[in-house]
Number of protein chains: 2
Amino acid sequence: MNVGILTIGNELISGKTPDTNSSFIAREINRQGWEVAMMMSVGDDTREIGKALAHVLAAADAVIVTGGLGPTVDDITTEAVAAAFGLGLTMDEQALGHIRERFATRHRRWTENNAKQAQFPDGAEPIENTVGTAWGFLLKRNGKIVAVMPGVPAEARQMLTGGLIPRLRREFPAAARHVAGRLMKLSGITESAVDDTLADVDFAGMCVGIGFYPRFPEIEIALTARDADGERAEERIRAAEAEVKGRLGRYIFAVGGDTLEAVVAALLTEKRLTLAVAESCTGGLITDRLTDVPGSSAFLDRAVVTYSNASKTELLNVPQEVIAKFGAVSRETASLMAEGVRRLGHTDLGLAVTGIAGPAGGTDLKPVGTVFIALADGRETRCRDHFLRWDRRRVKVSASQQALLLLKDYLCGAGHD
Amino acid sequence: MNVGILTIGNELISGKTPDTNSSFIAREINRQGWEVAMMMSVGDDTREIGKALAHVLAAADAVIVTGGLGPTVDDITTEAVAAAFGLGLTMDEQALGHIRERFATRHRRWTENNAKQAQFPDGAEPIENTVGTAWGFLLKRNGKIVAVMPGVPAEARQMLTGGLIPRLRREFPAAARHVAGRLMKLSGITESAVDDTLADVDFAGMCVGIGFYPRFPEIEIALTARDADGERAEERIRAAEAEVKGRLGRYIFAVGGDTLEAVVAALLTEKRLTLAVAESCTGGLITDRLTDVPGSSAFLDRAVVTYSNASKTELLNVPQEVIAKFGAVSRETASLMAEGVRRLGHTDLGLAVTGIAGPAGGTDLKPVGTVFIALADGRETRCRDHFLRWDRRRVKVSASQQALLLLKDYLCGAGHD
């Protein structure tokens with residue numbers, strides 16, 4: 001099956017908002033063994049939408065449309081699709097009830113324009129939105145399929161994988177091939193180094209597709225194999241996975257979709273270890289990431305963001321003399337912060353970060369991006385230093401990543417370094 | 001002038017690489033006062049490229065193409081463009097010399113396939129690449145313009161602003177219009193309520209374009225006016241802005257690109273007030289956001305994430321009896337946390353959040369999403385409660401937003417509520 005993708009919105013063609021839906025949809029379509037013929041974006045304009053639909057459907061069996069399903073006047077996608085096929089609009093009572101209920105349970109004021117989101121072209125099949133109010137729909141015309149989803153990425157993603165892909169598979173059963181895939185997440189290596197390390201592996205000869213996706217501060221490697229025989233596809237993936245792991249194993253922190261914080265949280269929970277965190281330049285980000293994991297209260301007791309020197313001394317008992325002699329950003333201060341927060345929290349482990357996030361505060365000896373990360377377990381304290389050459393936000397993100405990696409290495413029993 | 005954008009590459013339609021060029025080019029085109037008619041992406045396929053060119057040029061005065069100009073076999077854009085217009089290819093000696101020289105000065109080995117990058121369709125005008133080897137070109141056919149640039153974002157950006165835009169301005173001198181714009185950020189109101197409130201304003205009659213962009217947990221309103229006279233465009237924007245402010249002023253926290261945390265940080269700095277933060281369910285996110293602002297150490301002394309009940313008592317002096325009687329998630333505990341962290345930090349203000357982020361931990365009386373936010377200034381403590389029906393991450397984000405809004409309202413002198 002050949003699929004076209006059409007994203008709609010003035011915010012896209014004005015350059016205000018980058019289109020992230022197309023790429024995500026394309027990946028999912030390819031994962032199903034189908035192909036993407038083209039991707040298009042047009043503004044919220046009935047005539048342009050009609051012309052784009054005609055162009056895409058001339059080349060593809062189906063078109064997946066996102067955007068313009070909201071309640072506001074500039075949301076005209078449903079009307080435009082109906083007009084393109086000479087159809088009227090019908091209110092769907094089930095969808096309407098669902099949207100009204102969503103408003104009621106959230107104590108949000110109902111306004112009549114929201115009913116618009118329960119209107120669909122005649123004969124269209126509504127697709128439920130489980131995370132928002134803009135329902136999608138699927139329309140069959142002249143042997144082709146038009147599927148429309150909201151533009152909000154989280155809603156589009158949920159609807160695509162949860163509702164639309166299964167329906168498309170029913171419509172195009174012959175297109176369904178078994179697709180085996182593996183997602184590996186790496187940290188601590190550049191994309192070009194990954195590419196270089198894997199350059200001599202003949203993935204094409206193994207009939208396995210490989211893609212690299214940098215997602216700061218991580219890199220994802222996606223392996224895909226398609227075959228009529230599911231077990232054969234899986235075998236190929238296993239062989240390719242072994243090649244990648246043989247070369248890059250030390251950088252892989254997750255196989256599958258888990259986040260680094262989820263991996264660390266699972267290790268802490270499994271080992272029944274408790275943690276306290278002291279953050280300076282990361283400003284709470286490490287703790288924010290750890291508490292994104294449901295059930296994190298099982299291992300996380302408390303954390304402190306000791307931004308001022310006084311707070312490092314008062315809360316963590318880092319002696320003023322140590323700060324004066326070695327600096328707030330130093331191996332000595334980081335180590336004492338880790339030990340101090342471990343005592344403060346009565347926990348098994350204490351993790352601490354101190355550094356210079358910039359843009360100001362750097363010196364010749366300790367430029368912006370200098371970061372020290374320490375982990376104390378009551379017997380010993382290990383400390384790593386990093387030089388992270390990024391802007392302020394990315395220094396924070398990158399330092400939080402390194403802190404979680406230090407914790408993961410410790411929990412996996414990796415040696416002192 | 002109406003411009004179409006066509007990006008070419010199998011990596012785009014497979015979903016492997018997100019297309020960042022289109023959005024960047026669209027922004028630059030809009031900045032010139034021109035409009036983008038549509039954006040398209042197709043794979044490295046001569047026939048698809050030809051069809052896409054025909055479709056775009058049927059609707060636009062010019063098409064800007066990126067991708068497929070490299071030296072390898074799958075780089076076929078130049079041949080495909082030439083074929084689409086029935087043209088042959090000519091080697092440009094100046095470009096060839098330039099590319100050879102770039103290889104020599106970088107001590108890279110010359111291979112003959114690189115000469116391909118100096119070939120252009122007959123009659124095309126080469127555009128120098130100052131940061132790479134793939135030159136672009138500009139071709140005039142039937143009163144329309146086809147401009148082709150490399151796909152590497154850094155090279156495309158440099159060529160667009162350095163070489164192509166100035167050339168397009170020479171071709172379309174009359175097309176240059178002034179564009180005035182205003183971006184307003186709102187919080188605490190739904191997109192449909194914004195739409196409803198502005199429904200009776202005739203923005204079209206004012207010759208002002210309006211767009212709503214939900215960016216959880218905020219909504220952006222973008223106003224745009226185009227005119228040959230820059231002052232007239234700005235006047236229209238001012239009139240439209242006044243209409244929006246008159247109706248939605250209390251929800252607007254920034255005019256321009258500022259984040260909520262930057263607005264709060266500027267207010268704290270201006271008023272020379274210091275802050276300490278105590279977070280429970282937000283897990284450090286409020287402090288993370290505040291420390292994203294450069295110079296936040298001027299007002300932020302310290303923060304604590306008091307995840308366990310014991311930590312609320314030990315660090316913030318919330319009596320065990322209060323937690324036992326009213327619960328860790330209560331107005332009483334939130335208020336005492338705010339007062340406690342203010343004392344702990346010796347700061348002017350203490351901000352505290354306690355709530356249930358879920359997915360577990362909810363009860364009938366206090367379901368998941370129940371959040372209490374308190375602010376203490378030493379004279380009085382104000383507290384707001386919220387019921388945020390989202391998933392775990394969005395409860396955290398939404399609660400951090402409400403906490404920053406409470407702080408902003410206080411700093412702006414808004415009354416007690």
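Just so it is clear, the model here is predicted, and its values are computed rather than measured. Every heavy atom of this structure was used, including side-chain atoms; hydrogens, water molecules and symmetry mates were not.
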Pair Asp292(A) + Arg392(B): basic N to acidic O under 4.0 Å: no
Name all residues meeting the side chain to side chain donor-acceptor pair (under 3.5 Å) criterion together with Glu101(A); count only those two or more places apart in sequence or in a different chain, and write none if there are none. none
Tell me every residue that passes side chain to side chain donor-acceptor pair (under 3.5 Å) with Asp391(A), counting only those two or more places apart in sequence or in another chain. Arg394(A)
Sub-4.5 Å side-chain heavy-atom contact between [X] and [Y]:
{"X": "Met39(B)", "Y": "Met39(A)", "result": "no"}
{"X": "Lys312(A)", "Y": "Arg302(B)", "result": "no"}
{"X": "Met38(A)", "Y": "Val42(B)", "result": "yes"}

Part of Lys51(B) lying under 4.5 Å from any heavy atom of chain A: both
Using heavy-atom distances under 4.5 Å, tell me whether Arg31(B) contacts chain A through its side chain, its backbone, both, or neither. neither
Of all of [options], which one pairs up most often with chain B through heavy atoms under 4.5 Å apart?
{"options": "Thr287(A), Thr72(A), Thr111(A), Val304(A)", "result": "Thr72(A)"}
{"options": "Gly70(A), Ser41(A), Ala26(A)", "result": "Ser41(A)"}
{"options": "Asp44(A), Val293(A), Asp19(A), Leu344(A)", "result": "Val293(A)"}
{"options": "Ala303(A), Gly345(A), Pro71(A)", "result": "Ala303(A)"}
{"options": "Asp45(A), Thr306(A), Thr17(A), Thr282(A)", "result": "Thr17(A)"}

So, Ser192(B) versus Asn114(A): side-chain donor-acceptor pair below 3.5 Å or not? yes
Just checking, is any N or O donor in the side chain of Asp301(B) or Ser308(A) under 3.5 Å from an acceptor N or O on the other one? yes
Proximity breakdown for [X] and chain B, heavy-atom pairs closer than 4.5 Å:
{"X": "Leu6(A)", "value": "neither"}
{"X": "Ala154(A)", "value": "neither"}
{"X": "Thr133(A)", "value": "neither"}
{"X": "Ile8(A)", "value": "neither"}
{"X": "Thr7(A)", "value": "neither"}
{"X": "Ile286(A)", "value": "neither"}
{"X": "Glu28(A)", "value": "neither"}

Find the one option among Pro294(B), Ala276(B), Pro18(B), Gly284(B) whose heavy-atom pairs under 4.5 Å with chain A are most numerous. Pro294(B)
Could you walk me through whether Arg289(A) and Asp288(B) satisfy the salt bridge (charged side-chain N to carboxylate O under 4.0 Å, His left out) test, starting with their C-alpha distance in whole Å, then the side-chain angles of each, then the deciding distance to 0.1 Å, before giving a yes or no? CA-CA 10 Å; Arg289(A) 290 179 65 174; Asp288(B) 177 40; over 6 Å; no
